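The structure appears right after this line, and notes come after that.
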Amino acid sequence: MSLSEITARIAKAEASAGRPAGSTKLIAVSKVQPDERVEAVLQEGHRLFGENRVQEAAGKWPAFVDTYPDAKVHLLGPLQTNKARQAFELFEAIHSLDRPKLAKAFARLAQELGHCPEMFVQVNTGEEPQKAGVLPAEADNFIAECRALDLPLAGLMCIPPADEEPSLHFALLGKIAARNGLSGLSMGMSGDFESAVALGATHVRVGSAIFGSRAYEL
Ligand SMILES: *Cc1c(COP(=O)(O)O)cnc(C)c1O
């Protein structure tokens, strides 16, 4: 699928949900993709990208940003505390804030550096043991803790279980966000971004549908 097809489908989903045109941001997930494919999407004028790993992003994005200074990258994958400082340099937003230790490290860095990427709290809506994210029952407390640290919270993020109806998880994430007064919802990937838009996604994270399948999975 081309980038323009994806944007057209997002626009259509926004319209049928009665949402304003352009209220959903498309994050093109470029992890593992060859540089030529990423360059092609940059040349089409797209500027918002997502990566899963600090190291991979550090290896490829500084050069792209030299050529396309308005390109922005969001971190979508799990973050080790010892990479938090590097993440501050590379990313406009971080979608994987999921534990107090990381929140405290971010708060210290924000004070020291005088800036902070926007933060999405990742919620493990499917309560899967192998998956990152705070449990739904712990979300309200953790959000309050992040606010007490003055972190710039943009919203919530989830990755639904592969074998469940994603819209149930999108609806749950929306409910937790609403009761906490958060407007950002990072949800929806290649297979389900339209239902995420229908349920209020402000950021959809689409990889393989734009770039083609990845040579290997992370
Ligand atoms: C890889 C990834 C995506 C994109 O997945 P596709 O199915 O290729 O669209 C979105 N979000 C996260 C967190 C990812 O790791």
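Since the structure is predicted, the reported quantities are computational estimates derived from the model, not experimental observations. All residue numbers refer to positions in the sequence shown, counting from 1. Just so you know, ligand 1 is whichever comes first in the structure, and atom 1 is the first atom listed for that ligand.
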Going by side-chain contact (heavy atoms from CB on, under 4.5 Å), name the residues that satisfy it together with Glu14, two or more places apart in sequence or in a different chain.
Ile10, Arg19, Ala21, Ser23, Thr24, Val197

Subset of ligand 1 atoms that lie under 4.0 Å from at least one heavy atom of Ile159
13 (C)

Please confirm whether Leu76 comes within less than 3.5 Å of ligand 1 when only nitrogen or oxygen atoms on both sides are compared.
no

For His95, is the nearest heavy atom under 4.0 Å from an atom of ligand 1?
no

Taking ring-ring contact (aromatic ring centres under 6.0 Å, His included) as the definition, give me every residue that meets it alongside His74, ordered by chain and number, with sequence neighbours left out.
His95

Close aromatic pair by centroid cut-off 6.0 Å: Phe88 and Phe106
yes

What atoms of ligand 1 come within less than 4.0 Å of a heavy atom belonging to Val206?
9 (O)

Which of the ligand 1 atoms, numbered from 1, are nearer than 4.0 Å to a heavy atom of Asn52
14 (C), 15 (O)

Between Val123 and Ala139, what is the shortest heavy-atom contact and its length?
CG2-CB, 4.5 Å

Quick check on contacts: which atoms of ligand 1 are under 4.0 angstrom from a heavy atom of Arg205?
4 (C), 9 (O), 10 (C), 11 (N), 12 (C), 13 (C)

Need the ligand 1 atom indices (1-based, order shown) with element for anything under 4.0 Å from a heavy-atom of Ser208.
6 (P), 7 (O), 8 (O), 9 (O)

For atom 15 (O) of ligand 1, which of the options His203, Lys31, Met189, Met187 provides the nearest non-hydrogen atom?
Lys31

